[in-house]
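What follows is a short report on a single structure.
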Amino acid sequence: MPRPLWTGAISFGLVTIPVKVVSATQDHSIHFRQVHLEDLGRVRTRKVCELDGEALSQDEIGKGYELSKEQTVPITDEELDRIPLPTAKAIEIVAFVDADSVDPIRISDSYYLAIDGQVAAKPYTLLRRALERSDKVAVAKFAWHNRERLGLLRVREGAIVLHSMRWPDEIRSPESLAPRQVELDDDEIDRAVQLTDTMALDSIAGFRDAYRDALEELIAAKSEGRELPEPAEGEEQGEGKVVDLMAALNASVEAAKESRGEGGGGEATVHAMRPRKKTASKKAASSGKATTGRKAGVSGKTTGRKADAGKTTAAKRTAGAKRTARKRSAS
């Protein structure tokens, strides 16, 4: 069993259940050291006082709350320990609720609760059976690291799990992040639902961290002096492209069917999209083209009228010259 992180007791009415808290998860992430590039020497962080520039040891470091840039209030561990906290060594159950009523965004870290001594076996089993039969989860308060926390107790594979939860005022509102109202066809929504049905799985146990696998392969190749693995080829994602939403949904459904071995049964059908209303810029462009055309037409007509006027004037001048010539001959 992993090393206990905390010991205390579950308070269930007048029933007390001694328990140990152990982590329910483990970190498999690959961690790197900061090193000097020239000789690969490890780079370490020193805690230095910003006033005198001296490096400090851990026993020279305390806690302080900064009221302002000029004033800091020191707080000692003894003062924190004297603060009255009823849940200092207890996980106090305060309510039972339906599991669906708890927003998953409020759930933080998870821990297993193990019995602390054989005397706790019977009340532990009693609480577990009560949770299973009622089909509810328990809401509890407990203190950890000088802070009172909210917790959720539920049963997983015969063990009671404690989920640390965030307080309501710690959850940010997504109101400003929601997109503006858009228009969707029922066909588009139905097709999206069909895609979710096609991609549905009974379990997610088969997923693996592909990045960690590739990173482990890279580290092994470099440590053994082997040739580095070739990067995996992936599909390039287009940036900022406006696509036919229904066509994309149809293609996604067919691709999901093929990946599950169901067979696509032909190419994805493309939904004919209704013509959209022209935007203001398009209207302006169209208006500009029409105006230019009208101006060109008017200009052409004006030029034509000017040319006709020129021809008339020239004809009049020619006729006048002929009459003058005849009069001179007669005289």
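Predicted model, so just to flag it, every value in this text is computed and none were measured.
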Hey, is CD on E60 packed in by over 12 heavy atoms from elsewhere, all under 6.0 Å? yes

Indicate yes or no: at least one non-hydrogen side-chain atom of L150 is less than 4.5 angstrom from one of K141. yes

Is there a donor-acceptor contact under 3.5 Å linking the side chains of Q71 and S68? no

Y111: ring pair (Phe, Tyr, Trp, His ring centres under 6.0 Å) partners, not counting sequence neighbours: W144

Would V22 end up clustered with L152 when hydrophobic side chains under 4.5 Å apart are linked, directly or stepwise? no

Remaining members of hydrophobic cluster (4.5 Å side-chain criterion), L56: I61

Restricting to salt bridge (Lys or Arg N to Asp or Glu O under 4.0 Å), what partner residues turn up for R208, sequence neighbours left out? D213

Given the rule that I, L, V, M, F, W and Y join up when any side-chain heavy atoms are under 4.5 Å apart, are W6 and L153 in one cluster? yes

Is it the case that more than 12 heavy atoms not belonging to Q34 sit under 6.0 Å from its CD atom? no

Name all residues meeting the salt bridge (Lys or Arg N to Asp or Glu O under 4.0 Å) criterion together with E148; count only those two or more places apart in sequence or in a different chain, and write none if there are none. none

Whether R128 side chain and I160 backbone form a donor-acceptor pair below 3.5 Å: no

Do side-chain atoms of D185 reach the backbone of D187 as a donor and acceptor pair under 3.5 angstrom? no

Treat each ILVMFWY residue as a node, draw an edge where side-chain heavy atoms are under 4.5 Å apart, and state whether V35 and L215 are in one component. no

Go through the structure and list residues passing salt bridge (Lys or Arg N to Asp or Glu O under 4.0 Å) with R212, not counting sequence neighbours. E216

Verify same cluster id: V15, V155 (apolar side-chain graph, 4.5 Å): yes

Going only through I, L, V, M, F, W and Y residues with side-chain contacts under 4.5 Å, is there a path from I189 to M199? yes

Let me see the working for K222 and L218 under side-chain contact (heavy atoms from CB on, under 4.5 Å), right down to the final yes or no. CA-CA 6 Å; K222 294 200 69 172; L218 172 64; 4.2 Å; yes

With rounding to the nearest 0.5 Å, note down the distance linking CG in L113 to CD1 in I115. 11.5 Å

pair V21-F142: side-chain heavy atoms closer than 4.5 Å: no

I'd like to know whether V137 forms a side-chain contact (heavy atoms from CB on, under 4.5 Å) with H163, so could you lay out the CA-CA distance, the side-chain angles of the two residues, the decisive distance to 0.1 Å, and finally the verdict. CA-CA 11 Å; V137 294; H163 297 288; over 6 Å; no

Main-chain N/O of G41 paired with D39 side-chain donor or acceptor, under 3.5 Å: yes

I'd like to check R166 versus I105 (side-chain heavy atoms, cut-off strictly below 4.5 Å). Are they in contact? no

Starting from the C-alpha separation in whole Å, work towards a yes-or-no answer on side-chain contact (heavy atoms from CB on, under 4.5 Å) for E54 and V48. CA-CA 5 Å; E54 293 185 3; V48 179; 5.9 Å; no

Does R156 offer a backbone N or O that forms a donor-acceptor pair with the side chain of Y112 under 3.5 Å? no

Report, as yes or no, whether the 6.0 Å neighbourhood of atom CG on D202 holds more than 12 heavy atoms from other residues, nucleotides or ligands. no

K89, NZ atom: more than 12 neighbouring heavy atoms under 6.0 Å: yes

Listed partners of E70 passing salt bridge (Lys or Arg N to Asp or Glu O under 4.0 Å), at least two apart: none

Do L127 and I93 have side chains that get closer than 4.5 Å, going by heavy atoms? yes

Within a strict 4.5 Å, meaning less than it, do heavy atoms of the D27 and T25 side chains meet? no

